[in-house]
Amino acid sequence: MSSKYLCTQILIRVVGKIREHHEMKNTLLAGTALVAVLFASPGFAQTESVDQADLAALVRAQAGEIAALRARLDAIEAAKPVGTAAPSPSAAVRTPGVSRRASTDGDSASELFATNIVQPGLAEQTADQARAEANNTAGVTTEWKGGLPAFYSPDGKYRFKMRGRIIAHTSSTFGSDYDARNITTTGMRALRIGIEGSAGPNFFYQFENDFADNVSDVGTAFVGWRDKVGDISYDVRFGNMFNDRSFEGSSGSDAPPFLERNVVATSIIPQRGFYGISLMPRVFWKSGHASLTLSGDYIDNRQVVSDSQTLMGRIHWNPVKTERTTLHLGAWGFDEQLAEGAGSLTRNTVIGGRFNGALRVSSGTLTGGTGTRGYGVEAGGYAGPFWVMGEAGKRNAELDAGRPDFVSEAWSLSSGYFLTGELPPYNAHLGTFAQPRVLRPVLDGGPGAIELLARYENIDYSGVPTAGEGWAATAGVNWYLDNVIRLQFNLIHWNAENRSGAYPTEDSGQTVSAGVGVTF
């Protein structure tokens, strides 16, 4: 009997046994046996004079290797979770431009050759995970939260998270008696990126920079310390901070349900605006919070004279607070002493959409102020998917040279209803609007959250001959795709009566506004 004949018979028997196993084993082990016999027996292709005992020893060695490979594959399959399909060697990641057709009896040879990136099997994934854990000498852990990962040190003392906000608007105004007001515009309401973190249970920090209006502008930038005494918690923050003033005025640009805050938030405000370098202690209890703020000027204000100084306080209380019902009451006030040469006290308040600069309620040009004082009240709440909120405020700007005060009075009443059953996005900790919790997000195959809105607001400037007034009624709808992404639509009927500037008569019209927002 020739060695060629003997090898052929042995190979046929080995392959026959292997065919009794899984298709993956068939392909892998048969190929291994063939390569092993061919390359381990050089005389197979050259001569038949190989000693029969040597050949038998080689075959026994290769059979042992095949058995070892079979045992390894059996162990891998035994370790797979119940109900998990065995990985197919033909399972591959599609390369761009290569199509794959569905098949119940395996992939064709042409499809296998068309792909060149093969999905890793369980053994490879386990090895990758082991290597990743070995390389993670710092022991950092992560938690995917609010659209971005939060990083934690192994001992839990340090936390770090990115923040982001993208809000784009478009609006179109029509019906005005002034053609210059009937315009269509676009703009970025917010284009913000930032970080937040903590060290230990007490120290925390936050920083954000906004690139809206094609200008780089530092927003929130502070460090803080927090602790708890009994059932009362508190924190103290220092840095450039957002005001805690009025319900919508204390809510971030991504939180109010309408495309623009109401006139109470935008007009009953210190001269320095929404931000200032501040020291702000806050106290929190089960049914409310209180804050006190001592602030100077905004972060990039001139530093050749002393800052203006503002003392501000706000308190909110939830006398009723259950799982589906909350009553909100709040009050706030501020006293601002303006720096020498503080500049203009002119006010131009949004009334029919933020991105139509020709559409404002104006005070006329005002200079020579010495200080401002303002205060306001809040009342509202929600029951199930329905919410309502009312605000009112008044501000007196003291003018020099014996002139009477410039007075601003504003009020707003707004409401909303979630057709999809969500609870209104209310932050009971701070007494502000918040991000909604969508019950059935679009990304999970649900409808998202749909909210209907209505608001009436009124602003009245008085005390000077050039003071204007105005009002607006808004109907809107919000579609929250999930807790991060939302689409908004507002239809505004507005009325503005100015007594100076380019539009010095009573005028009315409509503005259609839409926006998309992403908040991390």
Side-chain angles (χ1 to χ4, degrees), residues 242-253 255-269 274 287-291 312-322 324-334 349-352 354 361 373-396 407-418 422-434 436 451-462 469-478 488 490-495:
F242 194 63
N243 290 336
D244 190 11
R245 174 198 52 83
S246 93
F247 185 79
E248 289 199 18
S250 301
S251 304
S253 59
F258 296 89
L259 286 167
E260 182 55 42
R261 298 184 182 95
N262 62 37
V263 292
V264 180
T266 56
S267 65
I268 314 302
I269 186 172
F274 283 85
S287 59
H289 98 288
S291 69
M312 179 182 296
R314 178 174 181 250
I315 185 171
H316 102 273
W317 177 42
N318 299 130
V320 177
K321 188 174 182 294
T322 67
R324 296 185 58 83
T325 302
T326 294
L327 176 62
H328 171 97
L329 300 174
W332 50 272
F334 63 87
T349 301
V350 171
I351 195 64
R354 180 183 181 87
V361 173
R373 298 185 311 275
Y375 56 89
V377 293
E378 317 156 11
Y382 65 87
F386 175 77
W387 65 268
V388 62
M389 183 60 63
E391 295 194 73
K394 183 176 181 179
R395 174 182 183 259
N396 284 58
V407 180
S408 307
E409 295 179 306
W411 64 275
S412 170
L413 181 64
S414 56
S415 65
Y417 181 79
F418 280 87
E422 281 78 6
L423 292 179
Y426 175 76
N427 184 335
H429 189 64
L430 297 173
T432 63
F433 281 123
E451 180 185 24
L452 301 181
L453 304 168
R455 180 172 74 185
Y456 181 87
E457 54 189 332
N458 184 282
I459 175 70
D460 185 5
Y461 291 141
S462 62
E469 59 182 311
W471 58 268
T474 304
V477 60
N478 293 332
Q488 298 176 273
N490 288 177
L491 174 60
I492 309 167
H493 178 76
W494 51 266
N495 181 282

Taking Arg261 for the side chain and Ser251 for the main chain, is one N or O donor matched with an acceptor at less than 3.5 Å?
yes
Is the terminal nitrogen or CZ of Arg314 (NZ for Lys, CZ for Arg) located under 6.0 angstrom from the six-membered ring centre of Phe247 and within 45° of that ring's axis?
no
Asn318 versus Ala428, closest heavy-atom pair with distance
OD1-O, 3.7 Å
Where Asn427 and Ala434 come nearest, the two heavy atoms and their spacing
CB-CB, 3.9 Å
On the 0 to 90° scale, with breaks at 30° and 60°, tag the Phe433-Trp387 ring pair as parallel, tilted or perpendicular.
perpendicular
Keeping Asn243 on the side-chain end and Phe274 on the backbone end, is there a donor-acceptor pair under 3.5 Å?
yes
Apply side-chain hydrogen bond (donor to acceptor under 3.5 Å, both in side chains) to the pair Ser250 and Asp244, showing each step before the final yes or no.
CA-CA 5 Å; Ser250 301; Asp244 190 11; 3.1 Å; yes
Within the 4.5 Å heavy-atom criterion, are Arg354 and Leu259 side-chain neighbours or not?
no
In short, Ala383 meets Thr325 closest at the heavy-atom pair CA-OG1, 4.2 Å
Looking at Ser246 and Val264, what are the two nearest heavy atoms and their distance?
CB-CG1, 4.5 Å
Please evaluate residues Val361 and Trp494 with respect to the criterion side chain to side chain contact (heavy atoms under 4.5 Å, CB included), reporting the C-alpha separation (whole Å), side-chain torsions for both, the decisive distance (0.1 Å), and the verdict.
CA-CA 11 Å; Val361 173; Trp494 51 266; over 6 Å; no
With a 6.0 Å cut-off on ring centres, are His328 and His316 close enough?
yes
Keeping Asn396 on the side-chain end and Val407 on the backbone end, is there a donor-acceptor pair under 3.5 Å?
no
For a side chain to side chain contact (heavy atoms under 4.5 Å, CB included) check, start with the C-alpha distance between Leu453 and Ser414, then their side-chain angles and the critical distance, and finish with the verdict.
CA-CA 8 Å; Leu453 304 168; Ser414 56; over 6 Å; no
Leu413 and Gly390: which non-hydrogen atoms are nearest, and at how many Å?
CD1-CA, 4.1 Å
Salt bridge between Arg455 and Glu248, side-chain N to carboxylate O under 4.0 Å?
yes
Solution key, residues 471-478 side-chain donor-acceptor pairs under 3.5 Å, sequence neighbours excluded:
| from | atom 1 | to | atom 2 | distance (Å) |
| --- | --- | --- | --- | --- |
| Asn478 | ND2 | Pro257 | O | 2.9 |
| Asn478 | ND2 | Glu451 | OE1 | 3.1 |
| Asn478 | ND2 | Tyr480 | OH | 3.3 |

